[in-house]
**Student:** 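My structure is below; once you've seen it, I'll send some questions.
Every chain is numbered from 1 and lettered A, B, ... according to where its sequence line falls, protein lines coming before strand lines.
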Number of protein chains: 2
Amino acid sequence: MPAYDDCREKLIDTYDAMSPQLQRAARYMLDHPDDVALKSMRALATAAGVTPSTLVRLMKTIGIASYQECRLGYQNRLRDMPASYTGRARQLQHRSTARHISDEDKDDSKIDARSTETTLIAEILHQELGNLARSFGPEMCTAMQDACKLIGNARRVFVLGRRGAFPAAFQFAYAYRFFADNLTLVDGAAGTFGDQLRGMGRRDVLLAVGLSPYSNDSLQVLDYVLAQNATVISVTDSDVSPLARHASINLMVADASPSFFQSFTAAVAVMQALVAILVSRGGETALQQIARAEKQLSAFETYWRDASPKRNIKS
Amino acid sequence: MPAYDDCREKLIDTYDAMSPQLQRAARYMLDHPDDVALKSMRALATAAGVTPSTLVRLMKTIGIASYQECRLGYQNRLRDMPASYTGRARQLQHRSTARHISDEDKDDSKIDARSTETTLIAEILHQELGNLARSFGPEMCTAMQDACKLIGNARRVFVLGRRGAFPAAFQFAYAYRFFADNLTLVDGAAGTFGDQLRGMGRRDVLLAVGLSPYSNDSLQVLDYVLAQNATVISVTDSDVSPLARHASINLMVADASPSFFQSFTAAVAVMQALVAILVSRGGETALQQIARAEKQLSAFETYWRDASPKRNIKS
DNA sequence: CAGAAATAAAAACAAATGTTTCATTATGAG
DNA sequence: CTCATAATGAAACATTTGTTTTTATTTCTG
């Protein structure tokens, strides 16, 4: 329950009023937050030159129920998940349960349903935040840049996403076409599945999106594309996913969800990020092409009025 | 002794030769390195859907003395990693500029590009997290539940999303059809735009997704649908968006992005959440229908093998 | 200095952890 | 089918864990 910052703050505030040994323990905790998260209490005590009891007392004096609880906060800090956002989800949950208790329960079942649904929503948010954070970790950071390099050098770019993964593929294709015209969205519409890949070769790149369960369609395409010696970039959920096995670069996205369905939120976010990076690399040229595309759209009166505020175009 | 990368490499290399259970364990370790570092072996085993024994066997098969030893590697990885991602990005940046100064600068521009891109990615993540958190606020929580009530009572459900909003609409349609068959995805394929809305009436619901700039297509559909006295649920970016003006319920999603393109991440997440709520309301019936759909898919051999671990079906 | 109060270390304890062992279940070759 | 072998989960094991209790030590007031 208590976040890392809470513990830290309490430690600092109470520090002056502490006994020497407590101070020593507190000081070590403040100076070595990683150890708190990773080591055991006994190990930490030894490292701090203190007995385990002192740590327990320390928790008592700063008003935290137990050491374990405190450590959870420290562990979350190390996790890829920003604690501040997680707090929001938890807050949602609390509020609903609080309301549930205080209300005169005219209709238990209804209130219960509402409250469990709120919990569900909070849980979804929580997972999605985690998915995002994990999917934008440092490894991904470099992987995405490498992927963009490949895409940037490609003769033609093919994007593949079947079934649930289609939105992510479409998203990329739609945005990408604003500034380049060498992209094919492999959607296999009207059974033209193989046709779209025709003429693919060594200098082409396939960007394949697919989470478990992997559709056979995608794997077939992958086999074919590999046989043509084209480069493959996979966006999938594991290093050992069938999509990732033969890919030059694997962009791993998290898809945790409390629902029966995997979440494609992170996949979409990563695809969007790829576009953003590509645009930023494209420089002035890309921006000009985007401007041209927008002019064309407005000629077709695609968009509503002009009331829509212009978006910022960065880099 | 063994570093994180060693373990990871061994896990991937040996993966194919593993038994199903070992694969499941290996896969979870690969996909959730943080858990390995922070959780206990038993907890990790449970999370991976495996018995503790399997983990210790896994270590044996990949040639690592003990689980404890392996975990040390994972813990060290976490230590080397700066706490918060934004901090992480910043440090990355610093490191690269530091290197840039110390190194014989063969290629200034390249290193600089890397670092600004890292900043861009960090910025994207930051914004996306904010988008999600804002889009799952308390107001949205009740709004989503109300929306689901309308959808649940609808005779037919129509989903609309043009251009950039199409992925979100598709996502919902795809998942929704797993447990109900009264949905039409209004995609206007091959110019059949109006046709799909034919026969729409008072008891029908339109779920319309659209962020600024709003496509005229969508607004046309909206006008028509309103004229038929159907109910409208909008997923858009503002309470005063043209989509929201005449909607019974407006689900407001944030779409901030450092790129030239709005972000549809939160929109997708909200659509997925709607599905999750609907399933949770559908209860046993919905689950049965999902099971039936999955059986049908496996009859068509849509998915790869059976090696994909079964997903948990909650609620 | 005496002695109460605060502080620290040591010991004790139940709960958990990592690991091993063993019985049971699948799998495949002959 | 039969048997040998691999794979798997349940139980047992000794350790280690977080915490509590007890005992010893220090500190400081009167």
Side-chain angles (χ1 to χ4, degrees), chain A residues 1-2 7 10-11 14-29 32-76 240, chain B residues 1-2 7 11 14-29 32-76 78 305-310 312:
Chain A
M1 181 76 87
C7 296
K10 284 179 184 173
L11 281 175
T14 329
Y15 188 82
D16 290 320
M18 290 180 192
S19 73
Q21 288 293 97
L22 287 187
Q23 283 193 349
R24 200 204 283 221
R27 163 123 205 200
Y28 192 89
M29 285 184 66
H32 305 86
D34 288 357
D35 284 9
V36 178
L38 296 172
K39 288 187 173 179
S40 78
M41 185 177 99
R42 286 176 133 98
L44 189 81
T46 316
V50 153
T51 52
S53 329
T54 312
L55 283 180
V56 171
R57 261 186 310 245
L58 179 61
M59 293 302 105
K60 285 256 157 73
T61 51
I62 67 172
I64 287 180
S66 73
Y67 177 78
Q68 304 229 65
E69 214 176 297
C70 168
R71 193 164 69 163
L72 278 180
Y74 276 73
Q75 291 191 338
N76 284 334
V240 291
Chain B
M1 181 81 91
C7 296
L11 282 174
T14 328
Y15 188 80
D16 289 318
M18 291 180 191
S19 73
Q21 287 296 99
L22 287 187
Q23 283 193 349
R24 201 203 280 223
R27 169 146 189 175
Y28 192 90
M29 286 185 67
H32 305 86
D34 288 354
D35 284 8
V36 179
L38 295 171
K39 286 187 175 180
S40 78
M41 185 178 96
R42 285 178 134 98
L44 188 81
T46 314
V50 152
T51 49
S53 327
T54 311
L55 280 182
V56 79
R57 262 190 294 259
L58 178 63
M59 293 302 106
K60 285 255 157 72
T61 52
I62 67 172
I64 288 180
S66 73
Y67 177 78
Q68 304 227 62
E69 212 177 300
C70 168
R71 194 164 68 164
L72 280 180
Y74 276 74
Q75 293 191 340
N76 285 333
L78 228 47
R305 281 211 218 173
D306 221 350
S308 61
K310 292 277 179 293
N312 288 348

**Student:** For chain A and DNA chain D, what are the first and last nucleotides along the strand, 5' to 3', with at least one atom under 4.0 angstrom from a heavy atom of the protein chain?
**Tutor:** dT17(D) to dT20(D)

**Student:** As a quick check of understanding, evaluate side chain to side chain contact (heavy atoms under 4.5 Å, CB included) for Met29(A) and Cys70(A), giving each step before the final call.
**Tutor:** CA-CA 11 Å; Met29(A) 285 184 66; Cys70(A) 168; 3.8 Å; yes

**Student:** Could you check Leu58(A) against Thr14(A) for side chain to side chain contact (heavy atoms under 4.5 Å, CB included), going step by step and ending with a plain yes or no?
**Tutor:** CA-CA 10 Å; Leu58(A) 179 61; Thr14(A) 329; over 6 Å; no

**Student:** Where is the tightest heavy-atom contact between Ser40(A) and Arg71(A), given as atom of each residue plus distance?
**Tutor:**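 Reported closest heavy-atom pair: CA-NH1, 3.6 Å.
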
**Student:** Applying salt bridge (charged side-chain N to carboxylate O under 4.0 Å, His left out), can you list everything that pairs with Lys39(B), at least two apart in sequence or on another chain?
**Tutor:**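 Lys39(B) satisfies salt bridge (charged side-chain N to carboxylate O under 4.0 Å, His left out) with Asp35(B) only.
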
**Student:** Return the set of residues passing ring-ring contact (aromatic ring centres under 6.0 Å, His included) with Tyr74(B) (not counting sequence neighbours), or none when no residue passes.
**Tutor:** Tyr4(B)

**Student:** Quick one: pull up CG in Leu22(A) and CE in Met59(A) and give me the separation to the nearest 0.5 Å.
**Tutor:**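 Those atoms lie 9.5 Å apart.
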
**Student:** In this structure, how many angstroms lie between the C1' atom of dT24(C) and the CD atom of Gln21(B), rounded?
**Tutor:** 15 Å

**Student:** Can you check whether Ile64(A) reaches Lys10(A) side chain to side chain, under 4.5 Å on heavy atoms?
**Tutor:**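 Yes; the side chains approach each other to less than 4.5 Å.
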
**Student:** May I have the distance from Leu55(A) (atom CG) to dA9(C) (atom P), rounded to whole angstrom?
**Tutor:**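 After rounding, the gap between these two atoms is 11 Å.
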
**Student:** Would a 4.5 Å heavy-atom cut-off, applied to side chains only, mark Leu78(B) and Leu38(B) as touching?
**Tutor:**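 Of all side-chain heavy-atom pairs linking Leu38(B) with Leu78(B), at least one is under 4.5 Å.
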
**Student:** If you restrict it to nitrogen or oxygen atoms, what contacts under 3.5 Å exist between nucleotides 26-29 of chain C and the protein, and what is each distance?
**Tutor:**
none

**Student:** For each nucleotide in nucleotides 14-23 of chain C, reading 5' to 3', give B when a protein heavy atom comes within less than 4.0 Å of its base, S when such contact involves only the sugar-phosphate, and - otherwise.
**Tutor:** ---BBBB---

**Student:** Ignoring hydrogens and angles, write down the donor-acceptor pairs under 3.5 Å from the side chains of residues 41-57 of chain A, residues two or more places apart or on other chains.
**Tutor:**
| unit_1 | atom_1 | unit_2 | atom_2 | d |
| --- | --- | --- | --- | --- |
| Thr46(A) | OG1 | Arg42(A) | O | 2.8 |
| Thr51(A) | OG1 | Thr54(A) | OG1 | 3.0 |
| Thr54(A) | OG1 | Thr51(A) | O | 3.2 |

**Student:** Answer yes or no: is there a side-chain heavy-atom contact under 4.5 Å between Gln75(B) and Asp34(A)?
**Tutor:** no

